[in-house]
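Report on one structure; see the data block that follows.
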Amino acid sequence: MSTHTASRQHDASTSLRRACRQWPSRKVVLTSVFLMLLLLLYRNSTYLGTNRLVSSSSSSPPPPSASSPPGGPSSTEDIPPIVHLVQLKPAEGAELHFSFQAFLCVYSAFLHIRPRTIFIHTDFDEGEIQAAAEHGSPWTRKVLTAFPAGVVRLNPVTAPAEASPGGLPLQRVEHRSDFVRMAQVARHGGVYLDADVLTLRSPASLLRAGFRAVVGRQGDGHVNNGCFLAAPGAALVALMVRDMPAAFTGEWQQHSIALLTPLAERLAYVPGEVLIMDAQAFAPTGWWDESAFALYAEAQGDDEAVGTVQQVNVDTLDPFERWDNRTRGRDWEMDFSGTYFLHAFKAMWGPVPNFSGINVPYVLRRRSNYALAAWPIVMQGIKDGMIDEAEDSL
Ligand SMILES: *[C@@H]1O[C@H](CO)[C@@H](O)[C@H](O)[C@H]1NC(C)=O
Ligand SMILES: *[C@@H]1O[C@H](CO)[C@@H](O)[C@H](O)[C@H]1NC(C)=O
């Protein structure tokens with residue numbers, strides 16, 4: 001092993017230990033946030049008159065389980081650049097694992113959101129996390145150890161075992177994740193991402209848009225709960241936390257998108273509360289075959305790859321140039337101009353033809369829309385030494 005690798009591994013385990021040992025530093029952060037809020041309230045007393053701090057005690061209760069930060073939510077704050085992922089243990093004895101696609105989720109968020117923290121909320125214990133960081137798959141090790149110190153933080157959570165005390169059991173890991181994500185975003189605020197979401201560009205203008213929550217439709221018209229943005233204590237997530245336990249029936253949608261959709265639509269009436277984006281923005285494709293195939297399947301034939309000169313997803317920010325350079329390289333190319341986050345749904349009913357999984361070579365071949373979307377991220381990763389061009393594991 002070269003000294004270079006050895007020192008990288010040393011840095012890696014130091015940063016991992018730092019990542020796991022976060023409670024003391026969180027206390028410091030919360031205390032300073034509290035002091036800053038006090039200072040703000042003191043300096044600007046008119047702020048109190050219109051602030052939700054006052055009305056929240058009567059009409060909109062804070063999220064239960066003492067999950068809002070000390071001082072409560074602030075109505076004028078932007079949505080913070082904090083990223084949230086949830087990785088819960090699917091079964092006893094399971095190992096913590098991140099695929100290349102999950103690595104790309106974390107890395108693309110790191111590049112485009114420039115987050116101060118990427119929380120991975122997890123119920124894997126410290127020993128299991130340490131084992132994954134040392135002996136896990138290449139991409140598992142990358143997620144856990146390759147980011148700058150302090151950015152990726154493993155946050156220990158206890159996933160709820162039942163929807164409410166004495167209520168229906170939350171048997172599926174996906175259902176437990178539905179509950180954990182809402183509680184954590186209600187608490188910290190930020191951007192929640194399922195592990196199959198690619199961040200395609202900076203959402204800075206959405207974080208500053210003046211809305212406490214920004215959500216997006218899916219192709220079926222529902223509001224997507226696999227990718228959403230909210231300020232700490234935003235009413236949308238606070239009400240999800242409050243009402244999910246009663247809405248839970250044991251099936252997939254009732255407590256998740258079937259609750260989130262009418263809730264977002266209802267709250268959109270309140271100035272600055274919820275902005276609902278169209279399906280292009282967060283979830284341009286879906287889980288039905290036609291859509292998932294169009295995203296993942298590789299075009300066959302020698303000259304089917306999309307070149308870098310002629311393509312619809314040029315990266316120019318000049319509006320005139322953008323409009324004038326919109327010709328597709330191939331007729332199957334999707335235009336992701338309106339897409340901040342690509343929630344890359346899998347095909348629900350079975351395997352995708354002409355597709356054998358997402359790895360580095362798949363992206364570099366530029367023969368599918370997912371590959372074209374991920375390509376700039378992978379090229380950046382190769383340039384920055386975060387991605388090894390020869391690594392072909394999934
Ligand atoms: C897979 O490739 C075959 C052969 O080129 C083609 O006929 C078929 O349409 C492709 N299927 C998809 C979903 O791309
Ligand atoms: C846009 O098209 C013009 C003319 O074809 C070309 O000169 C220019 O390089 C293109 N710009 C981009 C960003 O692709």
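Numbering of ligands and ligand atoms starts at 1, following listing order. These figures come from a predicted structure and were not determined experimentally. Computed from heavy atoms alone, side chains included, the values below leave out hydrogens, waters and symmetry copies.
- When hydrogens are left out, the protein atom nearest atom 4 (C) of ligand 1 is Q300 CG, 4.0 Å; that is the closest non-hydrogen contact.
- Ring planes of H188 and H121: parallel class, angle under 30° (limits at 30 and 60°).
- A side-chain donor-acceptor contact under 3.5 Å links S337 and D335.
- In this structure, atom 14 (O) of ligand 1 is in close contact with the protein, since a protein heavy atom lies within 4.0 Å of it.
- Aromatic ring orientation, F355 versus Y296: tilted (interplanar angle from 30° to 60°).
- At a distance under 4.0 Å, no protein heavy atom can be found next to atom 9 (O) of ligand 1.
- Ring planes of F179 and F248: perpendicular class, angle over 60° (limits at 30 and 60°).
- Nearest non-hydrogen protein atom to atom 3 (C) of ligand 1 is N354 ND2, 3.7 Å.
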